[in-house]
Student: 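Take this structure first; my questions come after.
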Amino acid sequence: AIAALDAVVGEANEALTTSQIFGLLNRAQLLSAGRDLYRWAQEREKPDADRAPGYQDRDRQFFTERLTQIDRRFVPATDRALFEGALAEYRKLPLDKRDAAFDTALTTIGLDRLYAETKLGDLQTRLGLMEMSAADIAASEDPFLKLAVALSPGDLERERIGKDRNGRLQKARAAHTKAMFAFAETQGRTLYPDANGSLRFTYGKIIGKARDGLAWTPFTTAEGLAEKHTGKTPFNAPAKMLEAISKKDYGRYASPEQGTMPVNYLSTVDITNGNSGSATLNAKGEFVGLAFDGTLDGVIADWWYEPSINRTIHVDSRFMLWTMDKIDGARRLLREMGVE
């Protein structure tokens, strides 16, 4: 199982490098738009349910916005310089990893014509192409569209190979995980709870941490929030919030033990990418906050959990409710949640 998994992972790593280099070609924003538009036209020839994700009717608004955003950042000279840098990386690939059709089209057209003759720099032209058929786009004389059409067969083939490889990777991982469970059972232990790299359940205690010359208390407070206020992001608390803090208008959201209102707290809970926003429950199963970050010196946790430094940062539910109640006036939401 280990050897089989290693083999597919090695194949995937090699393919990832090639895929990233092909992705670099999209530094030419009009080429990226052309590739998207041609794929959009190809997918529109299928029933909506059979189209690839990102190219269905429900994606039209997002697709339109993506084409529109090009206007805010497209500068031909800069775009060309980035594209030339991407091409330099692309040309380092072995010939059997490159796209012969793309190479031929690019040599025929040349960079000067590519930028001088294209009409894709015009927003209305780009949006109009969303209604054209794949055959119409393939017949276009626009140089960037010609490059996009040349790349299309290779793009689709690389996508097909990638899906096949991902299927084999999942199968190999399943066999490896099954073997890990079996081995752990022979050792009289269980595996750490994990599902596809995203933790479903983990536990810990609220606790601060300290090292020479630095101490982090378990809780931050409303007064601390006001002290950090500078008026500039990220320390730009709303005036209404600062006023309420100055009056200590915390109502029922204050902590009797602390004599103030907690804002965030630290815990030894183990998190990973994708856990931001996870509900935090206390030992009674009560909702007490949301996990939203880890401390900077604890980023090693994705590879190794070190109890002395790893901490998760949670926003306290009392601070969230206070903000909704006293600052934002979101009383309808509070009633909906049954808090009022």
Side-chain angles (χ1 to χ4, degrees), residues 1-26 35 39 43 49-56 86 89-100 102 151-204 267-279 291-312:
I2 294 173
L5 179 59
D6 282 347
V8 187
V9 167
E11 181 186 335
N13 287 343
E14 183 180 351
L16 178 62
T17 301
T18 302
S19 174
Q20 288 176 330
I21 290 176
F22 270 92
L24 282 177
L25 298 178
N26 282 341
R35 292 168 92 174
R39 181 67 181 273
E43 295 295 330
D50 295 339
R51 298 176 194 172
Y55 299 94
Q56 295 175 301
E89 292 300 314
Y90 166 76
R91 287 166 178 151
K92 293 177 184 178
L93 287 172
L95 285 176
D96 64 331
K97 300 292 185 183
R98 288 166 55 171
D99 192 305
F102 170 74
L151 275 168
S152 179
D155 285 342
L156 293 174
E157 179 62 11
R158 283 183 288 274
E159 183 178 302
R160 183 196 67 77
I161 293 173
K163 288 179 178 179
D164 174 75
R165 182 172 52 250
N166 286 339
R168 290 185 287 114
L169 187 58
Q170 288 186 18
K171 185 177 180 180
R173 280 178 173 158
H176 179 256
T177 301
K178 185 178 180 180
M180 289 177 65
F181 273 108
F183 176 72
E185 188 175 357
T186 67
Q187 306 297 304
R189 59 184 180 86
T190 57
L191 294 181
Y192 191 84
D194 178 84
N196 301 328
S198 177
L199 292 172
R200 296 300 191 261
F201 179 82
T202 183
Y203 54 87
S267 82
T268 57
V269 164
D270 189 13
I271 59 168
T272 188
N273 292 335
N275 276 129
S276 296
S278 295
F292 71 88
D293 206 350
T295 56
L296 187 60
D297 55 351
V299 294
I300 190 63
D302 276 356
W303 295 270
W304 184 263
Y305 185 84
E306 173 48 57
S308 65
I309 61 172
N310 284 122
R311 294 292 184 274
T312 291

Student: If only atom types and distance count, is the side chain of T177 paired as donor or acceptor with the main-chain N or O of A174 below 3.5 Å?
Tutor: no
Student: Does atom CZ (F181) have a neighbourhood of more than 12 heavy atoms from anything else shown, all under 6.0 Å?
Tutor: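 Not more than 12 within 6.0 Å, no.
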Student: Count the heavy atoms belonging to other residues, nucleotides or ligands that lie under 6.0 Å from CD of E185, then report whether that count exceeds 12.
Tutor: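 Check fails, neighbour count at 12 or below.
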Student: Is a side-chain N or O of R311 found less than 3.5 angstrom from the main chain of T295, in a donor-acceptor match?
Tutor: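 Judged by distance alone, no pair lies under 3.5 Å.
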Student: So which heavy atom on Y90 is nearest to which on I21, and how close?
Tutor: CA-CG2, 3.5 Å
Student: Atom OH of Y305 and atom OG1 of T272: how far apart are they, to the nearest 0.5 Å?
Tutor: 13.0 Å
Student: Considering only NZ, NE, NH1 and NH2 on the basic side and carboxylate oxygens on the acidic side, decide whether R168 and D164 come within less than 4.0 Å.
Tutor: yes
Student: Does S267 reach the main-chain N or O of G204 with its side chain, forming a donor-acceptor pair under 3.5 Å?
Tutor: no
Student: Find the distance between CZ (R160) and CZ (R165) and round it off to the nearest 0.5 Å.
Tutor: 10.5 Å
Student: Salt bridge check: are E14 and K97 linked by an N-O gap of less than 4.0 Å?
Tutor: yes
Student: Locate the shortest heavy-atom distance separating L169 from L5; write the atom from each residue and the value.
Tutor: CD1-CD1, 4.0 Å
Student: Is there a donor-acceptor pair closer than 3.5 Å between any side-chain N or O of E43 and the backbone N or O of R51?
Tutor: no
Student: With a cut-off of 6.0 Å (strictly less than), are more than 12 heavy atoms of other residues, nucleotides or ligands near CD1 of I2?
Tutor: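 It does not: I2 CD1 has 12 such atoms or fewer within range.
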Student: Under 6.0 Å from the CZ atom of R173, do we count more than 12 heavy atoms belonging to anything else shown?
Tutor: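 Open.
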Student: Give a yes or no answer on whether the side chain of N13 reaches the backbone of G10 with a donor-acceptor pair at less than 3.5 Å.
Tutor: no
Student: Does D99 reach the main-chain N or O of F102 with its side chain, forming a donor-acceptor pair under 3.5 Å?
Tutor: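 Such a contact is found between D99 side chain and F102 backbone.
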Student: Is there side-chain contact between L25 and R35, with at least one heavy-atom pair below 4.5 Å?
Tutor: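 Of all side-chain heavy-atom pairs linking R35 with L25, at least one is under 4.5 Å.
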Student: Check whether any side-chain heavy atom of N275 lies under 4.5 Å from a side-chain heavy atom of T312, and answer yes or no.
Tutor: no
Student: Do N310 and D297 have side-chain heavy atoms sitting under 4.5 Å apart?
Tutor: no
